[in-house]
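Quantities reported herein were computed from a predicted structural model and do not represent experimental measurements.
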Amino acid sequence: MKAPDQQYAQFSGTQRPPGAGDTAEPASVDRDLLRRLADAHGVGTSFHGWDGLPHSVAPGTLVKVLAALGVRADTNELIKAALAEAELAPWRRMLPPAVVLQHGETPLVPVHVPDGATAKVTVLPESGAGEPVEAVQQDVWVPPRDVDGVPTGRATFAVPEGLPLGWHTLHAESDGITAECALVVVPARLNTADSLVERRGWGLSTQLYSVRSKRSWGIGDFADLADLAALSGERGADYVLVNPLHAAEPVPPVQPSPYSPSTRRFFNPLYIRVEAIPELAYLKPRKRATIDRLQEQVQGLNADAERLDRNAVFAAKLQTLELLYHARRSPARQAAFEEFCRSSGPGLDDFALWSAIREDLAPEDPLWMDPDCAVGSPAAEALREKLAHRIGFHRWLQWICDEQLEYAQQTARRAGMRLGVVHDLAVGVDLSSADAWTLRGVLAPGVSVGAPPDMYNQQGQDWNQPPWHPARLAEAGYAPFRNMLSTVLRHAGGIRVDHILGLFRLWWVPAGNSPRDGAYVTYDHNALIGILALEAQRAGAVVIGEDLGTFEPWVRDYLADRGILGTSILWFENDGDSPLPPERYRTQALASVNTHDLPPTAGYLAGDHVALRSRLGLLERSEAEERADHDATLEKMMGLLRERGLLPDGGVGDDHGSEERTIEALHRLLAQTPSILLGVALVDAVGERRVQNQPGTTEALYPNWQVPLGDPAGKPVFIDDLPGNARFNSLLAAVSESLGR
């Protein structure tokens, strides 16, 4: 039987491995054996649902999920063979796939060699900084095992003490045979948020694409981000939290949702501010006139208060950026570009290759699924040579993104922000994405990530995103995970990890199954959280975990112990049927009134979301019943505000003045919590009512992720208007005052 990491290497994307194609119950499979095999591979055979009750995973689902992990379980014979292989697999390796240890730990590492042979193990420091350090063998005896007819012994070595944080290499040799694996020393606790305990902070959260200035090309961009950071920083804000800025498709049409990107490592050129590229000043008049015409064609889109037109904007920007790419760069600029490409390494080259191919090939083209065209294949390398010029363009686009993000972060810090730009990390990528092609070897085939049924989605959710393959990610030394994090954190003061519970376990939905018929697959959370903490520590960045939803009770305590902040949303923090008193909120958390999946607070107070969901047919009971429940929830919150002296008697009120006072009161209530970070949604600061994302809808029903920032009347609000916007200034002043600034 082949090793698990080789067995189904040819499968990727939506292609199904053996056992994943049918939804029928597997015939004559011993369920106890199947459950034992699932347990051995970290596949949950049951789970507690949102209703608090245990639910069993169907045997057919277990067979499919195991198949995605490279484990055949169609028959009892295959299950027995797979159980034996699971026990024997570690003995086939001289070293573990990777070793991740917390600073100060001295873990023991098993080394497998022919029985009676000696072994030598050394630690090679990161980047060759320092001399190799020899590990000491321990007096631990383990009975030898027969591995394919070869008596094999296990020697146990202790990792040397005092290793610094970082990515080291563990090297083993025995009788001319060598092996290496990653040895990652991570912080026991991330300390980047410690200063916030002494002086709490607050900041703005926003969807950058929706925040336009009068200089924008119809979409908010990196220069707008810098301006927003400067404006809010002057008013006491410590950060600006933005939506994921991950790259989408390289050409229109592009996916509107920032949470379904093409890659989580690189950035979206849609956000480039053309005028901030130095080469623009040196273009010849004819080319400059062409750019001016392109700008005029889309700048009028700024006046559209209803819907953003990403495709028109991106098409115009790409034409402009093509002209600028060909402009001659100064020696210093050319050297900076070359250094960026060198430091970004093969990951950038492969993403640029995908982008160049994807310009002309549809996502459903057979090439993406053809093993003979995978990255590194002769066919792919031939395309790399043929498309060298287009690859250069896409590498250049990422360099420009990097420069402009660096400027935005520098601007934020100069404005007095302690954190600056806080990025959002999406859960995963689209099934037809760049990452799905370039990282095929570390993603699980035939399954996608989702969520089990809950009170809001009783059929469950399928996000159409391929998950990390736990074993293959470890085999890769966690390099893809590290590379993603280090790039996102390169010019950031923080990172929000969407659905951070996915670093503990993910709900896998096999192809052909309904979202409710999935299973949880566990991950090595100690390794993943440790690496997240290491990369954040190196970047000096705070980590905020979006830890809402169904989770194991110990997870939040674990994250807090590791220095990872949680997320508290005002409307979700309850004590039974009543709002949770602010004093009982978590200290290690970012607390805010709402989130991007809820309506802005003005719309929420008015119950706009109830009417919208009713109109879209998303309610499972009458609109009157839903509104009655909503009104009761509001009244309890208003009662708490009045009890705290934050709101006069009389309720929410219908006029904007009363609504504005209520929103300020809600934020003053949050300031009474011990949470070390507070969030203010920009939509709340300007009185926007429309929701950015209505879960459970498609674009045909609602323009998710396409709503521009507007005022209470729905008119566009520009960054240029914010300094004189009384409502904006009043809310920010209220938050600063409540925190004693």
Side-chain angles (χ1 to χ4, degrees), residues 50 190 192-193 196-197 200-207 237-244 258-259 419 421-427 451 454-456 488 492-506 525 528-529 532-533 536 541-575 579-601 604 666-667 669-684 691-693 695 735:
W50 65 275
L190 179 64
T192 49
L196 296 170
V197 176
R200 295 190 296 158
W202 68 273
L204 286 179
S205 61
T206 192
Q207 304 289 310
D238 286 306
Y239 69 88
V240 175
L241 167 61
V242 292
N243 57 280
Y259 291 93
L419 303 181
V421 179
V422 177
H423 287 271
D424 199 350
L425 182 69
V427 177
D454 59 32
M455 65 184 297
Y456 299 107
V488 173
I495 185 173
R496 173 191 178 272
V497 181
D498 194 39
H499 192 61
I500 198 170
L501 308 178
L503 301 184
F504 295 78
R505 65 178 188 178
L506 278 173
H525 63 273
L528 295 177
I529 294 295
L532 173 61
V542 168
V543 177
I544 303 158
E546 188 269 298
D547 53 359
L548 307 174
T550 304
F551 56 88
E552 302 281 342
W554 57 269
V555 167
R556 283 183 166 178
D557 291 335
Y558 176 88
L559 290 171
D561 289 343
R562 299 300 300 270
I564 310 293
L565 304 185
T567 301
S568 294
I569 305 300
L570 181 77
W571 304 109
F572 298 162
E573 295 290 332
N574 296 301
D575 181 11
L580 186 71
E583 295 80 12
R584 290 173 53 192
Y585 276 55
R586 290 178 288 168
T587 298
Q588 299 290 321
L590 164 63
S592 61
V593 174
N594 66 8
T595 181
H596 58 255
D597 285 332
L598 288 176
T601 305
Y604 190 81
L666 291 168
H667 286 84
L669 182 71
L670 276 186
Q672 295 182 4
T673 72
S675 299
I676 60 177
L677 279 181
L678 301 185
V680 179
L682 181 58
V683 288
D684 288 349
V691 65
Q692 277 290 332
N693 176 48
V735 173

Distance check, rounded to the nearest 0.5 Å: [X] atom [atom1] versus [Y] atom [atom2]?
X	Y	atom1	atom2	value
Ser592	Leu570	OG	CG	8.5 Å
Leu598	Asn693	CG	CG	10.0 Å
Ile676	Asp238	CD1	CG	11.0 Å
Leu190	Leu565	CG	CG	8.5 Å
Leu503	Ile529	CG	CD1	4.5 Å
Asp684	Leu666	CG	CG	8.5 Å

(message) Between Arg586 and Thr567 (side chain of the first, backbone of the second, donor and acceptor by atom type, cut-off under 3.5 Å), is there such a pair?
(response) yes
(message) Using modelled atom types and a 3.5 Å cut-off, is there a donor and acceptor pairing between side-chain atoms of Arg496 and backbone atoms of Glu546?
(response)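 Pair absent, no side-chain N/O of Arg496 close to backbone of Glu546.
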Heavy-atom side-chain proximity of [X] to [Y] below 4.5 angstrom:
X	Y	answer
Val555	Arg505	no
Arg562	Val543	no
His667	Val680	yes

Nearest heavy atoms of [X] and [Y], plus distance in Å:
X	Y	value
Asn594	Ala681	OD1-CB, 3.5 Å
Asn243	Pro258	ND2-CB, 3.8 Å
Ser675	Arg200	O-CD, 3.0 Å
Val422	Ile544	CG1-CD1, 4.3 Å
Tyr239	Leu419	CB-CB, 3.9 Å
Pro674	Tyr585	CG-O, 3.2 Å

(request) Evaluate the criterion side chain to side chain contact (heavy atoms under 4.5 Å, CB included) for residue pair Gln588 and Leu559; output intermediate values, then yes/no. (result) CA-CA 9 Å; Gln588 299 290 321; Leu559 290 171; over 6 Å; no
(request) Specify whether Trp554 and His525 have parallel, tilted or perpendicular ring planes, treating 30° as the upper limit for parallel and 60° as the lower limit for perpendicular. (result)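 Aromatic pair Trp554/His525 classed tilted.
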(message) Is it the case that the ring center of His596 lies less than 6.0 angstrom away from the ring center of Tyr259?
(response)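 Distance test on ring centres: under 6.0 Å, yes.
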(message) My understanding is that only one of Val683, Leu241, Val240 makes a side chain to side chain contact (heavy atoms under 4.5 Å, CB included) with Ser205; could you say which?
(response)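 Running side chain to side chain contact (heavy atoms under 4.5 Å, CB included) over Val683, Leu241, Val240 with Ser205 returns exactly one hit, Leu241.
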(request) Test Val427 against every option in Asp498, Val497, Leu501 by the side chain to side chain contact (heavy atoms under 4.5 Å, CB included) rule and name the one that passes. (result) Asp498
(request) For the pair Ile500 and Leu532, evaluate side chain to side chain contact (heavy atoms under 4.5 Å, CB included) and give the outcome as yes or no after the intermediate values. (result) CA-CA 11 Å; Ile500 198 170; Leu532 173 61; 4.3 Å; yes
